[in-house]
Protein chains: 2
Amino acid sequence: MRIGQLARSVGVDTQTIRFYEREGLLPPPDRQDNGYRIYTERHVERLAFIRRCRILELSLAEIHELQRYQGAPHQPCRAINTLLDDHIAQVRSQITDLQVLEKQLVSLRASCNDDREIEACGVLEGLSEGSMQ
Amino acid sequence: MRIGQLARSVGVDTQTIRFYEREGLLPPPDRQDNGYRIYTERHVERLAFIRRCRILELSLAEIHELQRYQGAPHQPCRAINTLLDDHIAQVRSQITDLQVLEKQLVSLRASCNDDREIEACGVLEGLSEGSMQ
DNA sequence: TAAAACCATATAGCCACTATAAGGTCAATA
DNA sequence: TATTGACCTTATAGTGGCTATATGGTTTTA
């Protein structure tokens, strides 16, 4: 199949597919005489794998690492679990950071009601004075 | 004061200060004969304002907007409150997205214990098969 | 006087794409 | 047959908010 069909079947832009190839995440496919890329079912699977990882917000580097593991099927899989644990920890720390942020924002917002003049806006005051952290 | 002292007093890199100037967030300061930038107390306040906004993860565009409002002190401040409300909504939606993500990751992680071979790794299986969404 | 610390500009890199430009290929239609 | 439209190709620049590097001039300190 050609790049457009691959793109449609996985739900990705053709540019993204070429980008993954340049980044070494997708193996370079054979070419037709006219230079068009020809993909196989393997490429579909490989691309779908990448997309599933990306949905989970794994970085391209992490995906690369996972692909290396796939090439050594008889190694122990602890490294994979560790990779995932680290990623989970990262997501959790993002969540708590954002929760702190949300509280700060809500408290700042509470310092103003609408319909003041900008001069007297509690939000702008809160941002202008150093009483923040 | 020169750029280094400004940087130290606000806790920012000198490069960042020049970057803000290029982006139009900090007004271009006067220069000494040798070309060195000379900053005033106003610049300190302006830069501190920017940093407080950045800590709250307001974008440079949003900060720009706030600065425009500061220039019109007798306008009503509703636009500022709205800007903040939108930002809070955005943060909240990030949080819920990340919470969904965390659940998916934890459930994937639960499909494997350590000490299998990669071939049999539940995590890798979960990523390889389409049973994800 | 020489080294260290400071200042200047310009340019590239980060991440994971996305957009744009400029052009070649192919099948179907007027 | 000519042309339209859908497809493909490469190359390059842009996104955001910095950060790093290169190269060179200036000032302060030892």
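In what follows, chains carry the letters A, B, and so on, assigned in the order in which the sequence lines appear, proteins first and then strands, with residues in each chain numbered from 1. Being a predicted model, the structure only gives us computed values, none of them experimental.
Between the CD1 atom of B:Ile17 and the P atom of D:dT19 there is a distance of 12 Å, rounded to whole Å. B:Ile38 places its CD1 atom 12 Å from the C1' atom of C:dC7, with the value rounded to the nearest Å. Distance A:Tyr39 OH to D:dC8 C1': 11 Å, rounded to the nearest Å. For A:Phe19 and D:dT9, the CZ to C1' distance is 18 Å, given to the nearest whole Å. Taking atom CD on A:Glu21 and atom C1' on C:dC17, their separation rounds to 16 Å, with Å as the unit. Summarising the geometry, the separation between CD on B:Gln32 and C1' on D:dT27 is reported as 10 Å, rounded to the nearest angstrom. Here D:dT9 presents its P atom at 14 Å from CG of A:Asp33, a figure rounded to the nearest Å. Rounded to whole angstrom, the span from the CG atom of A:Leu25 across to the P atom of C:dC15 amounts to 13 Å.
Closest to the A:Ile3 side chain, of the nucleotides C:dA8, D:dC8, D:dC18, is D:dC8. Distance from the side chain of B:Tyr36 is smallest to C:dC6 among D:dT10, C:dC6, C:dC17. Of the candidates C:dC17, D:dT27, C:dC26, the closest approach to any side-chain atom of A:Asn34 belongs to C:dC26. With distances taken from any side-chain atom of B:Arg8 to the nucleotides C:dC6, D:dG17, C:dA8, the minimum falls on C:dC6.
Residues A:Glu117 and B:His74 approach most closely at OE1-ND1, 2.7 Å, considering heavy atoms.
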What does the list of N/O pairs under 3.5 Å between the protein and nucleotides 20-22 of chain D look like, with a distance for each?
from   : atom 1 : to      : atom 2 : distance (Å)
D:dA20 : N7     : B:Gln15 : NE2    : 2.8
D:dT21 : O4     : B:Gln15 : NE2    : 3.3

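To the nearest 0.5 Å, the span separating CG on B:Asn81 from SG on A:Cys121 amounts to 5.0 Å.
There is no path of hydrophobic side-chain contacts, each under 4.5 Å, that joins A:Val10 to A:Tyr36.
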With a 3.5 Å cut-off and sequence neighbours excluded, list the donor-acceptor pairs that the side chains of residues 21-32 of chain B form with protein atoms.
from    : atom 1 : to      : atom 2 : distance (Å)
B:Glu21 : OE1    : B:Arg37 : NE     : 2.8
B:Arg31 : NH1    : B:Gly35 : O      : 2.9
B:Gln32 : OE1    : B:Asn34 : ND2    : 3.4

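For B:Arg54 (side chain) and B:Leu58 (main-chain N/O), a donor-acceptor pair under 3.5 Å exists by modelled atom type.
Where B:Arg22 and B:Arg18 meet DNA chain C, the nucleotide closest to each residue was compared, and B:Arg18 sits on the side nearer the 5' end. Both B:Thr16 and B:Arg2 lie close to DNA chain D; mapped to their nearest nucleotides by heavy-atom distance, the more 5′-ward contact belongs to B:Thr16.
Residues A:Ile50 and A:Cys53 form no side-chain contact, since every pair of their non-hydrogen atoms from C-beta on lies 4.5 Å or further apart.
Of the side-chain N and O atoms in A:Arg37, one or more sit less than 4.0 angstrom from OP1 or OP2 of D:dT9. Phosphate contact (OP1/OP2 of C:dC17, side-chain N/O of A:Tyr20, threshold under 4.0 Å): present.
Legend: residues meeting ring-ring contact (aromatic ring centres under 6.0 Å, His included) with B:Tyr39, ordered by chain and number and at least two apart, are B:His43.
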